[in-house]
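To start, the structure itself, in structure tokens.
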Amino acid sequence: MSEFDLVIRNGRIATAADITECDLAIRDGRIVAMGENIGAGKQEIDARGLWVLPGGVDAHCHLDQPMPEGLRMADDFYTGTRSAACGGTTTVMPFAAQEKGQSLKAAVEDYHRRAEGKAVIDYAFHLIVTDPTETVLKEELPELIRQGCTSFKIYMTYDDLKLNDGEIIDVLALARSEGAMVMIHAENADCIGWLTKRLLDAGHTAPKYHAASRPMLVEREATHRAIALSELVDVPILVVHVSGAEAVEQIRWARSKGISIYAETCPQYLFLTAEDLGLDGYEGAKCVCSPPPRDQSNQQVIWDGLDDGLFTIFSSDHAPFRYEDPQGKKPNGEEVDFPYIPNGIPGLETRLPLLFSEGVNKGRISLNKFVELTSTNPAKLYGLYPRKGTIAIGADADIAIWDPKREVTIRNEMLHHDVDYTPYEGRTVTGWPIMTLSRGELVWNDGDVLGRAGQGCFLPCGKPDMAKPKVRG
Ligand code: DUC
Ligand code: ZN
Ligand code: ZN
């Protein structure tokens, strides 16, 4: 009689804190034993020479998010979570977005309908608050937080999304009183508007001018303002998709003053530069995202911040638009001026292999740091820990088994998203997750997608400890 559903033997297990060589046993979707020579499983995996890591938690991705008229995201909950699973990720956190003038509760109900029966791996929702009315602040948000949506993103830019400073303060105050985590997209909308007009007036319409319209200054100013508002209200915030030195300086300054600021960065700020937006013809549209990728010296600042604790989490910001698509990067089938190119690049499946290869294998960050940034900290930050984000007795058996030596040349045709390109085409990485388990079930096995639509569950998030104001005195 087998004691366990599945036993992984002889692997090297790494968490954010430890590295252990032992067997690991799973029953009913959870990790139930770790040790030497543990009993038989109905199924067994020999992980000799492989790393056994907690599955990734991608805490910033956009899936099937309702878009303005004429645009459509390429990935729904099936293709997006399938792609994530094949890249070693076992939890995703996309966004239920409120449309201005609409109910947030209705947006969440709609988003549940989009996810149900489709997700291959587990998922939780962040909210996007675009219209913090009295009803939203006093009724909807407290109720949604009780239902497990304990984090929300707010924008300082994009006309259809942005909040003014007073509205940001209202949302931060609500987050403080209810124990929720606020993520802030920090770019100064008016500066971008002014620069954009000047560029267009001068006839500068190509994709590369997207970067010129959003220089570091606009991110630096908004990051500083977000920090000041968080200090005023006395509540921690997370600054999302930090792109380079000037924003990093603001966050280091805030921390030196004892202000609790968390920071996220993404692969595009390590592996792309503004030059990629200047690719031949319209090709640069493939790399249009906001904030834009910077340059090599800024990439180094991001690497330093990943290693030294400046960054709390590393997410994909997967925002999938097809290139050859009249609802994607070529709206109505046309090569449009840069302000009309939908922002975002795909990255759910490549997030972990890129960081593993260039970070861990090249000695820039430790394996423990890799796990911390990509799995443990996102789970902690958003109230999913210790169910997700670690390998421990009682945790969900969400596990990625990595071959640290496997060389892979990234080609879009091998990826499992529904986008027609990857910005990392032709890049060779070393190390790839060859198996992924979601609650003990193999969803990805060395080239075979085994995960089924509907296997993933909605995860209600707890109120994160990291959202609590600092205790002083
Ligand atoms: N920027 C965002 O803020 N969200 C989605 C994609 C992007 O580029
Ligand atoms: Zn953003
Ligand atoms: Zn985003």
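For reference, positions follow the sequence shown, starting with 1. Just follow the structure's listing: the first ligand is 1, and inside any ligand the first atom is 1.
The Zn ion (ligand 2) has no N, O or S atom of V240 inside 2.8 Å of it. With a cut-off of 2.8 Å, the Zn ion (ligand 2) has an N, O or S atom of H241 in range. Between the Zn ion (ligand 3) and C61 there is no N/O/S contact shorter than 2.8 Å. In summary, an N, O or S atom of H62 is located under 2.8 Å from the Zn ion (ligand 3).
A donor-acceptor contact closer than 3.5 angstrom is absent between the side chains of E246 and Q250.
For atom 5 (C) of ligand 1, the closest heavy atom belonging to the protein is H62 NE2, 3.5 Å. Of the protein's heavy atoms, S290 N, 2.8 Å lies nearest to atom 8 (O) of ligand 1.
Between F458 and F125, the gap from one ring centroid to the other is short of 6.0 Å. Side-chain rings of H241 and Y269 stay apart, their centers remaining 6.0 Å or farther from each other.
Any N or O atom pair closer than 3.5 Å counts here, and H60 shares no such pair with ligand 1. Taking distance alone, with nitrogen or oxygen atoms compared against 3.5 Å, Y155 stays at or beyond that limit from ligand 1.
Classification of the Y421-Y323 ring pair by plane angle, with boundaries at 30° and 60°, yields perpendicular.
Salt-bridge formation is detected for the pair E143/R146: a Lys NZ or Arg NE/NH1/NH2 atom is positioned less than 4.0 Å from an Asp or Glu carboxylate oxygen. Using a cut-off of 4.0 Å between Lys/Arg side-chain N and Asp/Glu carboxylate O, D325 and K329 are scored as not salt-bridged. Salt bridge present: D465 and K468 bring a charged side-chain N and a carboxylate O closer than 4.0 Å. Between R387 and D396, at least one side-chain N (NZ, or NE/NH1/NH2) sits under 4.0 Å from a carboxylate O, which counts as a salt bridge.
Below 4.0 Å from some heavy atom of C289 lie the following atoms of ligand 1, by number and element: 8 (O). Close contacts between ligand 1 and H241 involve ligand atoms 3 (O) [criterion: under 4.0 Å to a heavy atom]. Which parts of ligand 1 touch G344 is read off a 4.0 Å heavy-atom cut-off, strictly below it: atoms 6 (C), 8 (O). Against a heavy-atom cut-off of under 4.0 Å, A319 is close to the following atoms of ligand 1: 5 (C), 6 (C).
D122 places a side-chain N or O within donor-acceptor distance of the main-chain N or O of C457, the cut-off being under 3.5 Å.
If you look at D317 and ask which of its N, O or S atoms sits nearest the Zn ion (ligand 3), the answer is OD1. Per residue H185, closest N, O or S atom to the Zn ion (ligand 2): atom name ND1.
Residue contacts with ligand 1, taken as heavy atom pairs separated by less than 4.0 Å, do not involve V288 at all.
Under a 4.0 angstrom heavy-atom cut-off, K153 registers as being in contact with ligand 1.
Counting heavy atoms from C-beta on, the side chains of D58 and I121 never come closer than 4.5 Å.
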